[in-house]
Amino acid sequence: MPERTQKLCIIDRFEDDWAVIEYENRTFNFPKELLPKEAKEGDVLKFDITIDREETEKRRKAII
């Protein structure tokens, strides 16, 4: 199994309803409401992103 390179996403700060996330040499905004309530500046985040194939197919059929 290939070794995974770990890339960190760190909460830099909060601005209104957004968390500013550091990723490598960039930052991006992430909705604060999607983070755990206890998340704070400096926390390292783990993302587990999956594709909801069933919902994708429903949406595809709805727009046809």
Side-chain angles (χ1 to χ4, degrees):
M1 181 183 244
E3 186 177 322
R4 289 179 55 166
T5 303
Q6 186 175 15
K7 298 190 179 189
L8 301 178
C9 289
I10 303 164
I11 300 174
D12 179 63
R13 64 186 179 280
F14 294 100
E15 294 181 355
D16 299 318
D17 293 331
W18 298 94
V20 179
I21 308 297
E22 289 182 17
Y23 175 71
E24 295 189 331
N25 296 325
R26 293 172 256 162
T27 61
F28 63 92
N29 293 336
F30 191 81
K32 195 171 164 180
E33 67 186 75
L34 297 178
L35 293 174
K37 292 188 186 321
E38 67 273 12
K40 60 189 179 308
E41 292 178 4
D43 282 348
V44 176
L45 303 174
K46 281 175 85 172
F47 290 94
D48 181 23
I49 300 172
T50 59
I51 297 170
D52 185 336
R53 301 216 183 270
E54 186 176 320
E55 187 63 31
T56 300
E57 189 58 29
K58 284 182 193 176
R59 291 171 154 268
R60 190 173 283 130
K61 287 178 181 177
I63 62 173
I64 294 178

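Basis for what follows: all heavy atoms, side chains included, without hydrogens, waters or symmetry-related copies.
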* Asked: Considering residues at least two apart in sequence or located in another chain, which fulfil the salt bridge (Lys or Arg N to Asp or Glu O under 4.0 Å) criterion with Lys61?
  -> none
* To do: Could you state whether Phe28 and Leu8 fall into the same hydrophobic cluster, counting links through intermediate Ile, Leu, Val, Met, Phe, Trp or Tyr residues with side-chain heavy atoms under 4.5 angstrom apart?
  => no
* Structure fact -> So OG1 of Thr27 and CD1 of Ile10: to nearest 0.5 Å the spacing works out to 12.0 Å
* Structure fact -> Rounded to the nearest 0.5 Å, the NZ atom of Lys58 sits from the CG atom of Asp52 at a distance of 8.0 Å
* Asked: Can you pull the salt bridge (Lys or Arg N to Asp or Glu O under 4.0 Å) pairs that have at least one residue in residues 24-34, sequence neighbours excluded?
  -> Lys7-Glu24, Glu24-Arg26
* **CG-CG distance between Leu45 and Leu34, expressed to the nearest 0.5 angstrom** => 11.5 Å
* Would Phe30 and Tyr23 count as a close aromatic pair, with their ring centres under 6.0 Å? -> no
* Asked: What's the verdict on side chain to side chain contact (heavy atoms under 4.5 Å, CB included) for Ile11 and Ile21, showing C-alpha distance, side-chain angles and the deciding distance?
  -> CA-CA 5 Å; Ile11 300 174; Ile21 308 297; 3.9 Å; yes
* Asked: Can you name the nearest heavy-atom pair linking Glu38 to Asp43, along with the distance?
  -> O-OD2, 4.0 Å
* Asked: Can you name the closest pair of heavy atoms from Ala39 and Phe14 and give their distance?
  -> O-CZ, 3.8 Å
